[in-house]
Amino acid sequence: MTSSAPRGYSLPQAWGNQPRSNPDWVGLPEVMTLMQFDGPVGLADDERLFRRCRVKAGQTVFDSGQSFDGLYVVRLGALKSVVTHDDGAEHVLSFAMKGDLLGTEGVCANRYRTEAVALTDSEVIRLPASELFSPGRASNDIERMAYWAISRELVKEQMSYTLTHAVRSDVRVARFLLLQSDCFAAIGCSPRRLTLPMTRRDIGNYLNITLETVSRALSALHQLGVIDVSHREVVINSHEALRAYEG
């Protein structure tokens, strides 16, 4: 992909001085709210606007190898970050929902190392690289917010490592459901009733286990009464039992 926008979408050349009534542009306060960042913002930065881009399920926000053009904040929907190995095998590195940040790995090499794929129809907000890291940047407040968000993503990666290296495969699935419960709660949704946006194959790929193992683990938890599951719909009957599950 050669465009700096999601496939099928064309970004404008200018990123500022857009009318606030235009629904395709959002202000910095909304970006801060999405990321739950409560740091200070100067009056000039309060007037900055950023483009909101729509991404259909299956489309990419950016591709591996594409030049880094900025960070993306998820406004709506769900996405996955994946890396494809030389043999064509795909590995899911993370899942992103409302308020999460995409593209952080592109900062160091000025090139994206992963592919961000929409699992559902989604919306993202781009924070242009020129606003974040260029020598002539006009805002330290936006840069501070970006560094804060990148640090938060590193913490999530550390948690993910612990999750995907649990001793038993079925325990990984139980911990994954708890993680998703926390993610749903963080965006104001029910932590008990989950509509998982990812497939069981995606879950297995993320947890380094097979699709069949994911299905068996979900069935075992269902039979124990810890959860109710139907396709992608999961109801957690007992968070305590899920935390205590050891397979």
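In the displayed structure, His85 atom NE2 is contacted under 6.0 Å by more than 12 heavy atoms of other residues, nucleotides or ligands. Counting non-hydrogen atoms of other residues, nucleotides and ligands closer than 6.0 Å to CZ of Arg232 gives a total above 12. Within 6.0 Å of CG in Asp87 there are more than 12 heavy atoms belonging to other residues, nucleotides or ligands.
Put simply, CD on Glu123 and CZ on Arg54 are 5.5 Å apart, with the number rounded to the nearest 0.5 Å. Put simply, OG on Ser215 and CD1 on Ile209 are 9.5 Å apart, with the number rounded to the nearest 0.5 Å. Rounded to the nearest 0.5 Å, atoms CG (Leu76) and CG (Asp121) are 10.5 Å apart. Atom CG of Leu28 sits about 9.5 Å away from atom CG of Leu49, to the nearest 0.5 Å. Interatomic distance, Phe50 CZ to Arg126 CZ, rounded to the nearest 0.5 Å: 10.5 Å.
In this structure, the side chains of Tyr206 and Leu93 stay at 4.5 Å or more apart for every pair of heavy atoms. Contact annotation: the side chain of Asp69 never approaches that of Phe62 to less than 4.5 Å [non-hydrogen atoms, C-beta and beyond]. Side-chain atoms of Val55 and Thr60, non-hydrogen and from C-beta on, never get closer than 4.5 Å to each other. With contacts defined as side-chain heavy-atom distances shorter than 4.5 Å, the pair Val74/Leu79 qualifies. By the 4.5 Å heavy-atom criterion applied to side chains, Lys80 and Glu90 are counted as neighbours. Residues Ser181 and Ile236 are in side-chain contact: their nearest non-hydrogen atoms beyond the backbone lie under 4.5 Å apart. Between Leu177 and Leu221, the closest side-chain pair of non-hydrogen atoms falls below 4.5 Å. Side-chain contact between Arg192 and Asn237 is present, with heavy atoms from C-beta onward closer than 4.5 Å.
A donor-acceptor pair under 3.5 Å is absent between the side-chain atoms of Thr114 and the main chain of Val82, judged by distance alone. A donor-acceptor pair under 3.5 Å is absent between the side-chain atoms of His222 and the main chain of Ser230, judged by distance alone. In this structure a side-chain-to-backbone donor-acceptor pair under 3.5 Å is present from Gln59 to Lys56. Remark: the backbone N or O of Ser64 is not paired with any side-chain donor or acceptor of Glu115 at under 3.5 angstrom. In this structure, the side chain of Ser122 engages the main chain of Thr120 through a donor-acceptor pair within 3.5 Å. Proximity of a side-chain donor or acceptor of Gln66 to a complementary backbone N or O of Asp63 within less than 3.5 Å is detected. For the pair Asp100 (side chain) and Met97 (backbone), a donor-acceptor distance under 3.5 Å is present. The closest donor-acceptor contact from the side chain of His91 to the backbone of Asn205 lies under 3.5 Å.
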Between Thr104 and Glu153, is a side chain to side chain donor-acceptor pair (under 3.5 Å) present by the stated rule, with each step listed?
CA-CA 8 Å; Thr104 56; Glu153 294 303 315; over 6 Å; no

Could you walk me through whether Arg200 and Leu218 pass the side-chain contact (heavy atoms from CB on, under 4.5 Å) check?
CA-CA 10 Å; Arg200 294 186 182 185; Leu218 291 173; 3.6 Å; yes

Would you please test Ser169 and Arg172 for side chain to side chain donor-acceptor pair (under 3.5 Å) and show each step?
CA-CA 5 Å; Ser169 297; Arg172 299 182 194 183; 4.9 Å; no

Please assess Leu127 against Val31 for the test side-chain contact (heavy atoms from CB on, under 4.5 Å), listing each intermediate value before the final yes or no.
CA-CA 9 Å; Leu127 307 180; Val31 177; 4.1 Å; yes

Would you check, one step at a time, whether the test salt bridge (Lys or Arg N to Asp or Glu O under 4.0 Å) holds for Glu233 with Arg193?
CA-CA 7 Å; Glu233 305 294 326; Arg193 295 182 175 273; over 6 Å; no

Just do the side-chain contact (heavy atoms from CB on, under 4.5 Å) check on Tyr245 and Asp170 with the steps written out, would you?
CA-CA 9 Å; Tyr245 181 74; Asp170 47 355; 3.3 Å; yes

Given side-chain contact (heavy atoms from CB on, under 4.5 Å), test Ile227 with Val235 step by step and report yes or no.
CA-CA 5 Å; Ile227 65 172; Val235 177; over 6 Å; no

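Looking at every heavy atom in both residues, Arg113 comes nearest to Val83 through O-CG2, 4.1 Å. In plain terms, the two heavy atoms of Gly99 and Met35 that are nearest each other are O-CG, 3.6 Å. Closest non-hydrogen pair, Ala96 versus Leu102, comes out as CB-CD2, 3.8 Å. Contact between Asp202 and Met198 at its shortest, heavy atoms only, is CB-CB, 3.9 Å.
Counting only N and O atoms by type, the side chains of Arg216 and Ser219 include no donor and acceptor under 3.5 Å apart.
A chain of hydrophobic side-chain contacts below 4.5 Å, direct or via other Ile, Leu, Val, Met, Phe, Trp or Tyr residues, connects Val214 to Leu178. The hydrophobic cluster containing Val61 also contains Ile150, counting ILVMFWY residues as joined when their side-chain heavy atoms lie under 4.5 angstrom apart, directly or transitively.
Using the six-membered ring where Trp is involved, Tyr112 and Tyr72 have ring planes that are tilted, between 30° and 60° apart.
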